[in-house]
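Written out below as structure tokens is the structure these notes cover.
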Amino acid sequence: MLIVGAIVVKWVSLYPDWIERNYTYGIYPVIAKVQRFLLGWIPFSIGDIFYLFLILVLVFRVVKFFRLLLQRKLNRVYFAAALQQFIFLILFVYVFFNVLWGLNYNRVGIAQQLELKVQKYSTEDLDTLVNLLHDHLNYQAGFINEQSRDSFHRKSALFSGAAQAFASAAPQFTFLKYTPKSVKPSLYSYIGNYLGFQGYYNPFSGEAQVNTYTPASLHPFVATHEIAHQLGYAKENEANFAGFLACRTHPSPVFKYSVYFDMYNYASRELARRDTALYRHYQQNLHPQVITDIEEYRSYLRKYRNPLETVMTWGYGHFLKANNQPSGFETYSEVVAWLIAYYKKYGKEVI
């Protein structure tokens, strides 16, 4: 049965229009709302506990394997059963991952919803975007102080604020309507610093998790990025763009600052590859608050840099490539092309 399910999933994934119409806006919203209704009210992540259970089971099986190996009790029957269980597990995860959420990787997506033509852009286009983001970032930085940021140090305030971002954007972008909510701090936030993740979505529980041990400037945008995943924007560039649309309409300057901080970093890094002099010009004219936050972020990355993070980034990059994102980990940065397509169609004021 699982084999048939895997074949059907693969076949359906070849038809983005069908997925957009029948899965993303048909089956998936029902699944997502039921998940969030059942688990969203629980203050801690059930999905994280489930992952811990799987890790313990794996450790148990590995210990059992080596015990049998030392006792010389391994035989063909054991290996045949182990192979059968392994194949069953792979098929089970593949089918249910896609049924519960993963088919969204193959949808038409937000480009069609906004009638955007996302394509290669010139350095001049990029310079225009960086200039817009730079100005907005500096402006919002003027409203940032410890008191305004401290109001979101409480996790409940941060996550409610993230939900409010989508409520603010929904009148203009109906596809960003978000209810019920389910955003939580990851139980593995500290470990996540070493693994290199700022947040993640659990398709098996419908919960969005945020690594709350990262610099505070990142938290608001990361929370909205993960909510975008909950709404069916599976690709990382689309989740970034949906998070941008939500955050820029938020009444709080903390949320606006966070999204412009993130978008500016993506766009300016790309500009640095193309025109170092232009990049330095923008960097030298940043608000002191932005410079402080950039240095804090760089210090954070240096502090937790380790070989395991490199391996995890490599593995996740290949996971993204296997799920219709050929650029791998660089897919996050592709939001730059979306922003350029957006302002070129609707005007610079939309940035």
Side-chain angles (χ1 to χ4, degrees), residues 2 5 9 23-24 27-61 85 88-105 152-167 177-214 218-234 236 239 242-243 246 312 315-316 319 323:
L2 285 175
V9 164
Y23 177 77
T24 301
I27 300 170
Y28 174 69
V30 176
I31 294 173
K33 287 182 179 180
V34 169
Q35 287 177 317
R36 298 202 297 271
F37 177 78
L38 292 176
L39 303 177
W41 60 274
I42 302 174
F44 54 87
S45 174
I46 297 299
D48 280 356
I49 293 175
F50 174 69
Y51 283 155
L52 177 61
F53 171 75
L54 291 181
I55 292 172
L56 292 176
V57 170
L58 178 62
V59 170
F60 172 78
R61 297 301 295 268
Q85 291 174 10
F88 173 85
L89 178 62
I90 294 297
L91 288 172
F92 181 87
V93 170
Y94 175 78
V95 171
F96 278 89
F97 169 79
N98 279 282
V99 169
L100 293 175
W101 180 72
L103 280 174
N104 286 309
Y105 278 119
F152 289 102
H153 278 182
R154 288 189 302 110
K155 308 303 182 292
S156 59
L158 171 66
F159 301 145
S160 295
Q164 184 184 1
F166 285 84
K177 185 177 181 181
Y178 175 64
T179 182
K181 66 179 182 179
S182 179
V183 190
K184 305 175 182 182
S186 171
L187 297 179
Y188 311 124
S189 287
Y190 184 71
I191 298 174
N193 293 334
Y194 293 95
L195 298 181
F197 69 79
Q198 298 174 7
Y200 55 92
Y201 172 66
N202 189 328
F204 300 103
S205 66
E207 298 165 301
Q209 277 83 202
V210 176
N211 178 354
T212 53
Y213 280 68
T214 58
L218 306 177
H219 295 171
F221 179 69
V222 170
T224 55
H225 173 99
E226 299 309 328
I227 289 176
H229 281 321
Q230 289 180 310
L231 291 177
Y233 296 103
E236 302 302 343
M312 292 295 293
Y316 186 59
F319 168 82
N323 285 282

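What's counted below: heavy atoms across the whole structure, side chains too, no hydrogens, waters or symmetry copies. This is a predicted model, so every value here is computed, not measured.
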Please list, chain by chain and in numerical order, all residues satisfying salt bridge (charged side-chain N to carboxylate O under 4.0 Å, His left out) with E207, sequence neighbours excluded. K184
If you round to the nearest 0.5 Å, how far is CG of L218 from CD of Q198? 5.0 Å
Between S182 and G40, the two heavy atoms sitting closest are OG-CA, 3.5 Å
Once you round to the nearest 0.5 Å, how far does CD1 of I27 lie from CG of L100? 11.5 Å
Would you say that L56 contacts F60 through its side chain, given a criterion of any heavy-atom pair below 4.5 Å between the two side chains? no
How many angstroms lie between atom CD of E236 and atom OH of Y105, to the nearest 0.5 angstrom? 6.0 Å
Between atom CG of L231 and atom NZ of K177, what is the distance when rounded to the nearest 0.5 Å? 11.5 Å
Are side-chain heavy atoms of V183 and I227 found at a separation under 4.5 Å? yes
Is the F319 to Y316 ring centre distance short of 6.0 Å? yes
May I ask you to check whether N104 and T24 show a side-chain donor-acceptor distance below 3.5 Å? yes
Which atom names give the shortest non-hydrogen contact between Y201 and H229, and what distance separates them? CB-CB, 3.9 Å
Out of curiosity, L39 CG to F44 CZ, how far, rounded to the nearest 0.5 Å? 10.0 Å
Parallel, tilted or perpendicular: which fits the ring planes of Y178 and F166, with parallel below 30° and perpendicular above 60°? tilted
Do you know the tightest heavy-atom contact between P203 and Q35? O-NE2, 2.9 Å
Please report the shortest heavy-atom distance between Y23 and W101, naming the atom on each side. OH-N, 3.0 Å
Please work out whether the ring planes of Y200 and F197 are parallel, tilted or perpendicular, with thresholds of 30° and 60°. perpendicular
Would you say the side-chain atoms of R36 pair up with the backbone N or O of G206, donor to acceptor, closer than 3.5 Å? no
Look only at the side chain of S189 and the backbone of S186, and say whether a donor-acceptor pair between them is shorter than 3.5 Å. yes
For the residue pair A239 and A228, what are the closest heavy atoms and their distance? O-CB, 3.6 Å
Would F88 and L2 satisfy side chain to side chain contact (heavy atoms under 4.5 Å, CB included), going step by step from the backbone distance to the final call? CA-CA 8 Å; F88 173 85; L2 285 175; 3.3 Å; yes
Neighbour count above 12 (heavy atom, 6.0 Å) for Y51 OH: yes
Is any side-chain heavy atom of P220 closer than 4.5 Å to one of L158? yes
With side chains defined as the heavy atoms from C-beta onward, is the minimum distance between P185 and V210 less than 4.5 Å? no
Could you tell me the separation between the CD1 atom of I49 and the CG atom of L54, rounded to the nearest 0.5 Å? 12.5 Å
If you look at every heavy atom in Q230 and A208, which pair is closest and at what distance? NE2-N, 3.5 Å
Tell me whether D48 contacts the main-chain N or O of L187 through its side chain, where contact means a donor paired with an acceptor under 3.5 Å. yes
Does a side chain donor of either S45 or Q209 reach within less than 3.5 Å of an acceptor in the other side chain? yes
